[in-house]
Amino acid sequence: MNYWLIKSEPEVFSIDDLKVQKRTHWDGVRNYAARNHLKSMALGDEVLFYHSNAEPPGVVGMAKVCKTAYPDPTAFDAKHHHYDPKSKPSSPAWFMVDMAFVKKFKRVIGLPQIKAEPSLKNMVLLRIGRLSVQPVSSAEFKVICQLAQQ
DNA sequence: GCCAACGTTGGC
DNA sequence: GCCAACGTTGGC
């Protein structure tokens, strides 16, 4: 079992949207490092859901992988905002996974709280701030879950 | 709205 | 293959 963190702007797609929809295609990732993480995800991997550009930014809940990586069709659609002519159905460049809602935390674990927690100081979130799909260690995942229960 | 960080593009 | 210019992300 591996653990991950995905970012979303709540104005675009929030944990509440995922709760209503129950599952969603995690499409639109157009960064190679993020894509490689998507392709490494296994069925049932647990994923922290992070709200970026929010007040406060932070981890708001949990999802899990319910379908492993497959080609992102929005990259093939010339009219789509995420269209990329480099990606062809015969040799797709971009992939997506499906995510299922697990839970929404009772409180947001804000970025300042994460920064203040010594056991989380090596989180990719703090080291590579812009990466939108990133791995989380099992120890970090446990700490986040404990903070969510306080 | 500003700006730092950093990934991507393209000229050479 | 280097690197400057540019675009995007995302915290503040």
Side-chain angles (χ1 to χ4, degrees), chain A residues 2-21 23-41 45-65 68-99 101-137 139-148 150:
Chain A
N2 287 308
Y3 302 96
W4 310 93
L5 180 147
I6 54 172
K7 294 184 187 174
S8 185
E9 299 190 33
E11 298 293 314
V12 179
F13 190 84
S14 72
I15 187 78
D16 295 311
D17 295 326
L18 182 61
K19 186 175 183 178
V20 170
Q21 295 184 20
R23 61 186 281 171
T24 192
H25 311 298
W26 206 258
D27 62 8
V29 170
R30 297 291 181 269
N31 169 283
Y32 288 103
R35 179 205 66 183
N36 293 342
H37 293 315
L38 283 180
K39 290 176 82 168
S40 300
M41 289 182 178
D45 278 1
E46 292 186 296
V47 182
L48 298 171
F49 198 105
Y50 180 93
H51 278 176
S52 59
N53 277 317
E55 186 50 53
V59 178
V60 293
M62 204 185 299
K64 68 178 176 188
V65 177
T68 55
Y70 58 108
D72 180 347
T74 65
F76 306 142
D77 178 358
K79 295 190 198 71
H80 198 281
H81 178 61
H82 292 302
Y83 173 60
D84 184 351
K86 288 196 302 295
S87 189
K88 305 209 166 51
S90 55
S91 60
W94 303 114
F95 290 80
M96 61 186 193
V97 301
D98 288 359
M99 295 282 183
F101 177 80
V102 174
K103 64 177 155 185
K104 180 182 177 179
F105 293 151
K106 291 200 168 51
R107 28 196 296 286
V108 177
I109 299 142
L111 185 59
Q113 189 180 1
I114 293 170
K115 285 180 175 170
E117 177 59 49
S119 58
L120 298 179
K121 69 174 192 303
N122 290 322
M123 273 191 84
V124 175
L125 182 68
L126 303 182
R127 292 188 288 117
I128 314 174
R130 289 183 44 184
L131 189 59
S132 64
V133 178
Q134 51 183 257
V136 174
S137 76
E140 290 160 354
F141 190 87
K142 279 182 195 139
V143 171
I144 296 281
C145 289
Q146 283 163 10
L147 291 174
Q150 283 172 10

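Values below: all heavy atoms of this structure, side chains included; hydrogens, waters and symmetry mates excluded. So you know, we letter chains A, B, ... as the sequences are listed, proteins then strands, and number each from 1.
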Protein within reach of the bases, or only the backbone? For nucleotides 3-12 of chain C, mark each nucleotide 5' to 3' as B, S or -, using heavy atoms under 4.0 Å. ----BBBBBS
Between Pro92(A) and Ser87(A), is there a side-chain heavy-atom distance shorter than 4.5 Å? yes
Validation row: Leu5(A), Val59(A) side chains within 4.5 angstrom (heavy atoms): yes
Matching residue for Asp72(A) among His80(A), His25(A), Arg30(A), His82(A) - test: side-chain hydrogen bond (donor to acceptor under 3.5 Å, both in side chains): Arg30(A)
For the residue pair Phe49(A) and Phe13(A), does the interplanar ring angle fall in the parallel (under 30°), tilted (30 to 60°) or perpendicular (over 60°) class? tilted
Taking the side chain as everything from C-beta on, heavy atoms only, tell me whether Val47(A) gets closer than 4.5 Å to Met99(A). yes
